[in-house]
Amino acid sequence: SQTIHQWPATLVQPVGSPLSLECTVEGTSNPNLYWYRQAAGRGLQLLFYSVGIGQISSEVPQNLSASRPQDRQFILSSKKLLLSDSGFYLCAWRPGQPNSPLHFGNGTRLTVT
Amino acid sequence: AQSVTQLDSQVPVFEEAPVELRCNYSSSVSVYLFWYVQYPNQGLQLLLKYLSGSTLVKGINGFEAEFNKSQTSFHLRKPSVHISDTAEYFCAVRNSGYSTLTFGKGTMLLVSP
């Protein structure tokens, strides 16, 4: 069966420091991969998605970036964190079929101080 | 473009009472509809999905939803809620031609004894 791993679970970082969040999927190949951010009362905001290795689509201009160095690995990064980057970050995947649902990781709670 | 409106940010209800969480979507083409549940500090878990066929779909934990094309709605219902149903519920839509899922802002279901 397929599983998704996301780490770390919580992270406290100072303003201006770099960020790297990692997400991997097991038990499938060529998944569509997604990064969402969830801020209180604002629902889920799609940040990036990828339909294949090296293919990244950005939904919202940010100081964040994403990379997909391997088929089942999706990384969210920042060179310099801002206070406004605090939030709950969720990685998700789905098969390539258009009617397939998203499957989420357990999320990373990021606090920028 | 696709959008989702969840009209209620919070729904308080007593245990064993019925509940309906409302969801309306905006789309000009055929859609796939989903409901997810999120417990505190966790990722989202798929409750149910509408892809095609019968407009009444049943999901996990005794929840069901009805797709109403004329009213562009996909309301979630449960005839008798439990304390353990306390969580945030998200409605989501994807147009058949899109790779991305658009989420509503969520409805917090608060079940009290």
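Proteins come first, then strands; the chains are lettered A, B, ... in the order of their sequence lines, and each starts at number 1.
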N-O pairing of Glu66(B) and Arg77(B) below 4.0 Å =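 Result for this pair is yes, salt bridge flagged.
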Counting heavy-atom pairs closer than 4.5 Å to chain B, which one of [options] comes out on top?
| options | value |
| --- | --- |
| Arg109(A), Arg94(A), Gln45(A) | Arg94(A) |
| Ser100(A), Cys91(A), Gly107(A) | Ser100(A) |
| His103(A), Gln38(A), Gln6(A) | Gln38(A) |

Between Phe90(B) and Phe34(B), ring centroids under 6.0 Å =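 Judged by ring-centre distance (under 6.0 Å), Phe90(B) and Phe34(B) do not meet the cut-off.
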Please flag which part of Leu102(A) lies under 4.5 Å from any non-hydrogen atom of chain B: side chain, backbone, both or neither.
-> both
Considering only heavy atoms, which portion of Leu44(B) lies under 4.5 Å from any heavy atom of chain A: side chain, backbone, both, or neither?
->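 For Leu44(B), the contact with chain A is made by backbone and side chain together.
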Let me know if Leu46(B) has heavy atoms under 4.5 Å from chain A in its side chain, its backbone, both or neither.
-> side chain
Pair Asp85(B)-Asn61(B), side-chain donor/acceptor within less than 3.5 Å |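 No, no side-chain donor-acceptor pair sits under 3.5 Å.
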Pair listing, ring-ring contact (aromatic ring centres under 6.0 Å, His included) test, anchored in residues 5-31 of chain A, at least two apart | none
Mind ranking Arg94(B), Gln42(B), Gln6(B) by heavy-atom pairs under 4.5 Å with chain A and telling me who comes out on top?
->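 Of Arg94(B), Gln42(B), Gln6(B), Arg94(B) has the most heavy-atom pairs under 4.5 Å with chain A.
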Mark yes or no for whether Ser50(A), through its side chain, and Gly52(A), through its backbone, hold a donor-acceptor pair below 3.5 Å.
-> yes
Sequence-distant partners of Tyr36(B), ring-ring contact (aromatic ring centres under 6.0 Å, His included), two or more places apart =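 For Tyr36(B), the residues satisfying ring-ring contact (aromatic ring centres under 6.0 Å, His included) (neighbours in sequence not counted) are Phe104(A), Phe103(B).
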